[in-house]
Amino acid sequence: MSANKNEPNRRRESGIDYKDVDYLSRFIGPQGQILSRRRSGFTAQRQKDLKQAIKRARHLALMSFVG
Amino acid sequence: MTNLYEGMFVLDNKVVRQGWKAAKGTVTDILTKHAANTITARRWDERRLSYSIKGRGRATYLIAYFELPKDAGPGLNRSLELNESVLRYLITRVDAIPATEAELASREESDDFVVPAPPVEDAPAPVVEPEPEPEQAASTEDSEAADAAAGDSETETKTGEPSGTLEPVAAATVAEASTEPASSDETKTDEGA
């Protein structure tokens, strides 16, 4: 078993916060879609964190789902 | 065994207008009811929602950090779902409280801190139909009168045409009807012969 699987705290230290709407909106397309890794330039783990943060912000109506 | 959580609560502005302390108390009371140890709770922001929730266009956000027993999560969720003053909520597990959080929370607790009242709800602008200008109204009346006159003439011609053509056709059909039985009988007899 790898060490990374048992360290969820490391994932939280990535620094992407769902409350930072200005930062998150940089990775949103014109119609509200999350940009791909190719366009965001993130690593796989950081892209997952970005996705999670955007979805949390959408749930709290901090960001819109569409455009 | 307790864990540290961050809770973000979207509060109805109608409740916030009645008093921020009372609105904040509704959330903190729910937390204490479920054996949570509330460390900090403060007003995060008041802003326009990206989409309306329960018909509300604006809401106030409250952020709280609290310790909660592991088995108290479902009960807390249920209480928050049933409370009408909480429009939405999000509870996430965190490792530590941010460094600035304690200072911001204590600033809100001080007496000189004034919570700004939420602005008036963003009501949609009433739709007002523009009145037609007098010249356009006159021209439309004229055109309507012209259309009506043209329509009358058309109806006259339409009603006139069939009356002229129907008579000979009707006469022909009557003549055929009178002659047909005889001819059909003849053909039958011919075939039989």
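Both the backbone and the side chain of B:L49 come within contact range of chain A, judged by heavy atoms closer than 4.5 Å. B:T92 touches chain A through its side chain: at least one heavy atom from C-beta onward sits under 4.5 Å away, while N, CA, C and O do not. In this structure, chain A has a heavy atom under 4.5 Å from the side chain of B:Y61, while its backbone stays farther away. With a threshold of 4.5 angstrom between heavy atoms, B:L87 does not approach chain A through any atom at all.
Residue A:Y18 is grouped with residue B:Y51 when hydrophobic side chains (ILVMFWY) are merged at heavy-atom distances under 4.5 angstrom, including chains of intermediate members.
Contact count versus chain B (heavy atoms, under 4.5 Å) is highest, among A:R58, A:M63, A:K19, for A:K19.
B:Y65 places no side-chain N or O within 3.5 Å of a backbone atom of B:A96 that could act as its donor or acceptor partner.
Rounded to the nearest 0.5 Å, atoms CD1 (B:I39) and CD (B:E6) are 11.5 Å apart.
Other residues, nucleotides and ligands place more than 12 heavy atoms under 6.0 Å from the NZ atom of B:K54.
Side-chain contact check for B:T60 and B:N13: at least one donor-acceptor pair (N or O, by modelled atom type) lies under 3.5 Å.
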